[in-house]
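One structure below.
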Protein chains: 2
Amino acid sequence: MRILVAEDDRGLREVLVQGLEDAGYLVDAVDRGDDAIEQLKFYEYDVAILDWRMPGVPGVEVASWARRNDRPTAILMLTARDTPPDRIQGLDAGADDYLVKPFDFGELVARVRALQRRPRGVGAPVLNRGGLSLDPARRQVTLNGKLLNLTTAELYILELLMRRFPSVVDRKAIAEHAWRDETEPLGSNVIDVKMSRLRAKLVNSGVRILTVRGSGFRLEEA
Amino acid sequence: MRILVAEDDRGLREVLVQGLEDAGYLVDAVDRGDDAIEQLKFYEYDVAILDWRMPGVPGVEVASWARRNDRPTAILMLTARDTPPDRIQGLDAGADDYLVKPFDFGELVARVRALQRRPRGVGAPVLNRGGLSLDPARRQVTLNGKLLNLTTAELYILELLMRRFPSVVDRKAIAEHAWRDETEPLGSNVIDVKMSRLRAKLVNSGVRILTVRGSGFRLEEA
DNA sequence: GCTAGCCTGTCATCGAACTGAAAGGTAAAC
DNA sequence: GTTTACCTTTCAGTTCGATGACAGGCTAGC
């Protein structure tokens, strides 16, 4: 199993390379987007892990290039802060999945495994938890097969909680994930309001949103 | 195997034509970018070899045109200089590969072979969904065998929705796919208008266009 | 070269849905 | 028991999308 890592932060890059090699992968690493394209041109990687921000060519561009050229490589994007527009752009450009920094390394490996198992190009994998099923590509959530009608913000929040499960997600992360201007919701009680509405829609879903006083929120399987 | 060569330098053009014919290809040659577009319009080439700089229309433009019109032709660009910006521009425009002059002829043939192996040129696949059937090559749509009368723009939009099914397609992607100047439709509500008209033509088609508020549109099988 | 028809994009309007502020209530922490 | 953090509901403002009407432009047919 061959993996390409494109990440300009040297520390993180080395952690990734080491960790993935320990997990039994054959890993190549570059620190620039254009180098990533060059590598993708000459080797058929199973998975490419691309940083969003890189010198040369940004990760999105690399993903978009790979998709255009029908490279057989599944793409996992790493994003530092992720605003909705960023994320959508990434998935549209051809990324198959993405991870928000900071992430748990085990989580990364799990997703890499998921990617290599999956036929390529079908879009981001569906997130399941309890009776809930969130499809990032369709941007819809079903509860035991029945369509749940969530607003955009609610969906983003739920998505974040599911992706970070079972960790606690703090308000700052929620603000960054679900709002364009992440400073805005922090001064008000909007997040609480959204949580309330989201909870109301999640009754009998096999999943519950718990409050961790002073820290944030986390998902729990009921 | 049919190849189009677009190269204004007569010496190089003749070398290419001769060499490719010897390699067993059916070769057409032109010396202007606009002529290249004309050829691409009427024949389904497997591969087009385009010089970057040409009288009439530059190679990038030709590539971009081909991409925009979903020609089933893989594109190989010939560039004199090889700077990252050039490369990116070329690849962005829709080139599938590029070669820097001067190049080895064997290298060229190898790349042409690689391009024609790709799934893309293997006949224009008809898109089916519900009772709908869209033939990209003939640019027409039938509903249960009956011809649907769609305008050009409507067809482009429907095609994109079908290709991306079941994912959400954002307005930016629609704009890029269906308009030459993709900035134009974004400031207005043209997309909404087209959607409305398209929907009207798709009643009882077994397919529906759903709005995903704030994100875009997606197709759903009814 | 004129005319009819179709296509396009703009505008105005309508309606629905989403949003965030506020206010008052509740639970946890100390 | 007081304080602080969080929860819920209500409400009004705003945004977003749908649609019908219109004018300009292009094309085909005569």
Side-chain angles (χ1 to χ4, degrees), chain A residues 83-85 88 139-141 147-159 161 168-203 207-220, chain B residues 68 139-141 147-161 168-203 207-220:
Chain A
T83 64
I88 292 164
R139 243 153 267 173
Q140 75 178 14
V141 179
L147 193 67
L148 262 193
N149 203 9
L150 299 189
T151 72
T152 315
E154 287 163 1
L155 187 124
Y156 282 144
I157 293 174
L158 179 60
E159 183 189 13
L161 289 171
V168 173
V169 182
D170 63 33
R171 285 166 180 268
K172 188 159 163 291
I174 294 172
E176 282 173 3
H177 188 82
W179 275 265
R180 272 158 208 258
D181 176 10
E182 82 267 15
T183 57
E184 179 193 335
L186 293 176
S188 77
N189 74 337
V190 208
I191 292 181
D192 301 273
V193 172
K194 299 259 179 267
M195 279 299 169
S196 171
R197 305 208 247 243
L198 188 49
R199 275 176 171 138
K201 294 182 182 178
L202 292 185
V203 287
V207 140
R208 225 180 329 168
I209 298 175
L210 295 188
T211 304
V212 182
R213 209 181 153 86
S215 301
F217 304 87
R218 72 184 178 83
L219 219 55
E220 187 196 54
Chain B
R68 197 188 294 284
R139 308 264 89 198
Q140 68 182 19
V141 181
L147 194 65
L148 258 194
N149 202 10
L150 298 189
T151 73
T152 319
E154 287 164 0
L155 189 127
Y156 279 136
I157 293 174
L158 179 60
E159 181 189 12
L160 186 61
L161 289 171
V168 173
V169 182
D170 65 31
R171 303 173 97 91
K172 188 159 162 290
I174 294 171
E176 284 171 2
H177 188 82
W179 276 264
R180 267 166 197 271
D181 176 10
E182 80 266 17
T183 56
E184 178 195 334
L186 292 177
S188 75
N189 76 336
V190 209
I191 293 183
D192 301 85
V193 173
K194 298 259 178 268
M195 280 297 168
S196 176
R197 307 210 244 242
L198 188 49
R199 275 178 173 136
K201 295 182 181 179
L202 293 184
V203 287
V207 140
R208 224 180 330 167
I209 297 175
L210 296 188
T211 303
V212 182
R213 202 184 153 94
S215 299
F217 302 86
R218 71 183 178 82
L219 220 55
E220 188 195 54

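So that the names make sense, note that chain A is the first sequence line, chain B the second, and so on, each numbered from 1.
Remark: A:Lys194 does not engage A:Glu154 in a salt bridge, criterion side-chain N to carboxylate O under 4.0 Å. Classification of A:Asp192 and A:Arg197 as a salt-bridged pair fails, no side-chain N sitting under 4.0 Å from a carboxylate O.
At the phosphate of C:dG20, OP1 or OP2 sits under 4.0 Å from a side-chain N or O atom of A:Trp179. Residue A:Lys194 places none of its side-chain N or O atoms closer than 4.0 Å to OP1 or OP2 of C:dC18. Contact annotation: A:Ser188 side-chain N/O to C:dA21 OP1/OP2 distance is under 4.0 Å. Applying the 4.0 Å criterion to OP1 and OP2 of C:dC6, one finds that B:Thr151 has every side-chain N and O outside that range.
Following rounding to the nearest Å, B:Ile157 (CD1) and D:dA18 (P) show an atom-to-atom distance of 12 Å. For B:Lys201 and C:dT8, the NZ to P distance is 8 Å, given to the nearest whole Å. Rounded to a whole Å, the CG atom of A:Leu150 is 11 Å from the P atom of C:dT19. If you measure from atom CD1 of B:Ile209 to atom C1' of D:dG17, you get 14 Å, rounded to the nearest angstrom. In this structure, B:Ile174 atom CD1 and D:dG17 atom C1' are separated by 13 Å, rounded to whole Å. When rounded to the nearest whole Å, the span between CD1 of B:Ile191 and C1' of D:dG17 equals 12 Å. Remark: C1' of D:dC6 and CZ of A:Arg171 are 7 Å apart, rounded to the nearest angstrom.
For A:His177 (side chain) and A:Ile157 (main-chain N/O), no donor-acceptor pair under 3.5 Å exists by modelled atom type. Using a distance-only test at 3.5 Å, with no hydrogens or angles considered, a donor-acceptor pair links the side chain of B:Lys201 to the main chain of B:Asn149.
Residues passing the side chain to side chain contact (heavy atoms under 4.5 Å, CB included) test with B:Thr211, sequence neighbours excluded: B:Arg199, B:Phe217. Residues that satisfy the side chain to side chain contact (heavy atoms under 4.5 Å, CB included) test with A:Val212, not counting sequence neighbours, are A:Val168, A:Ser215, A:Arg218.
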Open item on the list: I'd like to compare against my own output: the B/S/- annotation of nucleotides 8-15 of chain D with a strict under-4.0 Å heavy-atom distance to protein.
Closed with: BBB----B
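With contacts defined as side-chain heavy-atom distances shorter than 4.5 Å, the pair B:Leu198/B:Leu158 qualifies.
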